[in-house]
Amino acid sequence: GIQVEQSPPDLILQEGANSTLRCNFSDSVNNLQWFHQNPWGQLINLFYIPSGTKQNGRLSATTVATERYSLLYISSSQTTDSGVYFCAVGKPANAGGTSYGKLTFGQGTILTVHP
Amino acid sequence: EPEVTQTPSHQVTQMGQEVILRCVPISNHLYFYWYRQILGQKVEFLVSFYNNEISEKSEIFDDQFSVERPDGSNFTLKIRSTKLEDSAMYFCASSEAPTSTDTQYFGPGTRLTVL
């Protein structure tokens, strides 16, 4: 199956710093989502970004599908940004009809922002 | 904004007991999923469901697991005889479109503890 690797595994920042999280994937995809898992375990949708660039406030993401990677940028980090960031990808459905929306997750990046 | 809901938020059960985890997907969505996350690990796909049947399942989803859409709004995951290793956070997700081309929206999760 498709492999998803995220880096770095851990990241510690001071409040106000910027950061870049990376997601590499091993095959072509037509779905890529970034999630933030908060301390209560909830998965919060950040971006649906199978290609291109999107921005939402202090967060932005870029996916270069042809080179099989995606980047999540966090600017002016705040303590509430702490948590685990997951990248998840979905492959195109094949002729047999499988891979019907299944997402494969990376191991996540644990972000800690200190005040 | 519409959201996926899950009940209960936390379930404690004895090994060997049956549990049913409940989900209410977003109302106009047609594709439904269950994922699980063992503590400290990545999120893993269990099963996808469309048009009242399973469209894909992982090797984790063995005969002890079943899914059902009993009444047109709820989507349930049943574990017939729980094991210690079933302890995990279980997430329900839904999407409007198929074939990995649409955002999957995740519920807040049910934390299952098997004693």
Practice task
Please say whether more than 12 non-hydrogen atoms of neighbouring residues, nucleotides or ligands are located less than 6.0 Å from NZ in A:Lys54.
Solution key: yes
Problem - B:Ser9 side, atom OG; A:Trp40 side, atom CH2 - distance, nearest 0.5 Å - result: 14.0 Å
Problem - A:Gln107 versus chain B, the contacting section by heavy-atom distance below 4.5 Å - result: both
Practice task
Taking atom types as modelled, find out whether B:Gln37 and A:Gln37 have a side-chain donor-acceptor pair closer than 3.5 angstrom.
Solution key: yes
Problem - B:Leu115 atom CG, neighbour heavy-atom count above 12 within 6.0 Å - result: yes
Exercise for the section: State plainly whether one hydrophobic cluster holds both B:Leu46 and B:Ile54, where clusters connect Ile, Leu, Val, Met, Phe, Trp and Tyr through side-chain heavy atoms under 4.5 angstrom apart. Expected result: yes
Problem - Heavy-atom pair of closest approach, residues A:Leu43 and B:Phe106 - result: CD1-CD2, 3.7 Å
Completion exercise
Heavy-atom closest pair (B:Glu56 atom, A:Lys102 atom, distance to 0.1 Å) is OE2-CD, 3.5 Å
Exercise for the section: Heavy atoms only, distances under 4.5 angstrom: which of B:Lys42, B:Glu44, B:Arg111 has the most pairs with chain A? Name it, please. Expected result: B:Lys42
Exercise for the section: State whether the number of non-hydrogen atoms from other residues, nucleotides or ligands found under 6.0 Å of B:Asp71 atom CG is greater than 12. Expected result: yes
Exercise for the section: Report yes if some heavy atom in the side chain of A:Phe105 is under 4.5 Å from a heavy atom in the side chain of B:Tyr35; otherwise report no. Expected result: yes
Handout entry: Joint hydrophobic cluster, B:Tyr90 plus B:Val114, side-chain heavy atoms closer than 4.5 Å
Key = yes
Handout entry: From A:Leu32 atom CG to B:Thr103 atom OG1, the distance as rounded to the nearest 0.5 Å
Key = 11.0 Å
Practice task
Give a yes or no on whether A:Leu103 and B:Ile60 share a hydrophobic cluster (residues Ile, Leu, Val, Met, Phe, Trp, Tyr; joining criterion: side-chain heavy atoms under 4.5 Å apart).
Solution key: no
Exercise for the section: With chain B as the partner chain, list the residues of residues 71-80 of chain A whose heavy atoms fall under 4.5 Å from it, by residue number, and write 'none' if nothing qualifies. Expected result: none
Exercise for the section: Select one option (side chain, backbone, both, neither) describing which atoms of A:Phe47 are under 4.5 Å from chain B's heavy atoms. Expected result: neither
Exercise for the section: Look at the side-chain heavy atoms of Ile, Leu, Val, Met, Phe, Trp and Tyr, link any pair under 4.5 Å apart, and say whether B:Val24 and B:Tyr33 land in one connected group. Expected result: no
Handout entry: Path from A:Ile44 to B:Phe91 over hydrophobic side-chain contacts below 4.5 Å
Key = no
Exercise for the section: Kindly say whether B:Gln104 contributes a backbone atom to a donor-acceptor pair with the side chain of A:Asn45 at under 3.5 angstrom? Expected result: yes
